[in-house]
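See structure below.
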Number of protein chains: 2
Amino acid sequence: MNYYTISQLAEQFDISTRTIRYYEERGLISPIRTESGQRLYTKKDRAVLKLILRGKRFGFSLEEIHEMISLFDKDRTGRKQLEKTIKYGEQKLKEVTERIDDLLQLKHEMETILQDFKTRLREMEDSE
Amino acid sequence: MNYYTISQLAEQFDISTRTIRYYEERGLISPIRTESGQRLYTKKDRAVLKLILRGKRFGFSLEEIHEMISLFDKDRTGRKQLEKTIKYGEQKLKEVTERIDDLLQLKHEMETILQDFKTRLREMEDSE
DNA sequence: ATTGACTTTTACGTAAACGTAAATTAAAAT
DNA sequence: ATTTTAATTTACGTTTACGTAAAAGTCAAT
């Protein structure tokens with residue numbers, strides 16, 4: 001297995017190294033260290049980072065993303081824990097579904113408005 | 001036609017009056033005033049506020065929301081303006097579509113993980 | 001071996017999006 | 001008429017999510 005350095009990841013995702021370190025400060029990601037203290041990121045770390053960035057695009061706060069990651073990430077061994085995780089997951093799934101529906105409606109409205117504008121434009125062109 | 005006061009709107013949308021005034025500061029909403037300077041909001045103002053809050057839920061910044069509102073809101077009379085608006089609208093529409101696709105993928109992944117968890121739970125229950 | 005690129009921690013700075021408090025005025029209720 | 005409730009402006013405070021700079025150590029290449 002091989003590792004990424006912080007600047008490699010930063011370049012790949014087009015973010016700053018500061019940003020990656022900040023996510024670590026907040027407990028979202030935990031790279032291993034070399035003897036000298038340099039951070040090394042595994043493929044898994046990279047995947048987590050990708051998750052974080054996707055969450056951000058959806059407008060989730062780092063706090064929310066943190067919650068999701070720690071619930072889905074850990075080996076939820078105990079049965080109670082597992083049940084809790086499933087409940088939380090279903091809740092989040094519902095939120096995502098609602099968000100999708102909301103966005104679909106927005107999309108529809110935008111399409112309507114655009115159609116309207118295009119019609120107006122055509123009318124302007126026809127009458128010149 | 002009748003009006004809403006600021007605290008009525010605040011209650012309806014479960015936000016603070018400060019928030020509403022802040023949106024005004026940023027030029028997103030422009031209520032009329034009584035002689036004494038009290039803000040009065042029309043149905044249209046209310047609709048704009050609703051738009052703002054929806055935009056926020058999608059993770060758009062107030063700046064982006066401002067742009068969208070001012071482009072779709074005004075009477076884009078000139079032909080050049082209309083063309084520009086259409087182009088901008090199509091761009092935003094594309095962004096929304098991408099966001100939807102992204103969310104659909106996330107939803108799918110969450111469902112897979114949840115299924116996995118549920119299977120595990122059932123196995124635990126079967127073996128007791 | 002030394003230069004240059006990269007990394008680390010520490011720490012102060014900043015923009016966005018409000019919260020909160022104070023002082024004042026106006027509207028609503030008793 | 002006078003409390004009570006709601007509104008206004010002004011202004012400083014706060015949180016989130018980083019940016020930026022400094023000082024010092026480390027890795028890679030010549």
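Just so it is clear: chains get the letters A, B, ... in the order the sequence lines come, proteins before strands, and each one is counted from 1. Owing to the predicted nature of the structure, the values given are computational and were not obtained by experimental measurement.
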What integer distance in Å separates [X]:[atom1] from [N]:[atom2]?
X	N	atom1	atom2	result
I29(B)	dC18(C)	CD1	C1'	16 Å
I6(B)	dA26(C)	CD1	P	17 Å
E24(B)	dC18(C)	CD	C1'	15 Å
H66(A)	dA17(D)	NE2	C1'	16 Å
E35(A)	dT8(C)	CD	C1'	16 Å
F13(A)	dA17(D)	CZ	C1'	18 Å
Y4(B)	dA7(D)	OH	P	15 Å
E11(B)	dT5(D)	CD	P	15 Å

Residues R33(B) and E24(B) bridged, charged N to O under 4.0 Å: yes
Carboxylate-amine/guanidinium contact R120(A) E125(A), below 4.0 Å: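 No.
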Below 4.0 Å: OP1/OP2 of dT8(C) and any side-chain N or O of R39(A):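 It does, given that an N or O in the side chain of R39(A) lies less than 4.0 Å from OP1 or OP2 of dT8(C).
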Short side-chain N/O contact to dA6(D) OP1/OP2 from S7(B), under 4.0 Å: no
Check: [Y] main-chain N/O paired with [X] side-chain donor or acceptor under 3.5 Å:
X	Y	result
S70(B)	H66(B)	yes
D45(A)	T42(A)	yes
E90(B)	K87(B)	no

First encountered from the 5' end of DNA chain C, between R18(A) and R21(A): R21(A)
Sugar-phosphate, base or nothing in reach of T5(B), heavy atoms under 4.0 Å: sugar-phosphate
Would you list the protein and nucleotides 15-17 of chain C atom pairs, both N or O, that sit under 3.5 Å from each other?
residue : atom : partner : partner atom : Å
dA17(C) : OP1  : L62(B)  : N            : 3.0
dA17(C) : OP2  : R26(B)  : NH1          : 2.9

If we ignore angles and hydrogens, is there a donor and acceptor under 3.5 Å between the side chains of [X] and [Y]?
X	Y	answer
Y22(B)	R26(B)	yes
Q105(B)	E109(B)	yes
Q115(B)	E111(B)	no

Pi-cation contact, F13(A) with R54(A) (under 6.0 Å, within 45°): no
Polar atom pairs (N or O), protein with nucleotides 27-30 of chain C, under 3.5 Å:
residue : atom : partner : partner atom : Å
dA27(C) : OP1  : S36(B)  : OG           : 3.0

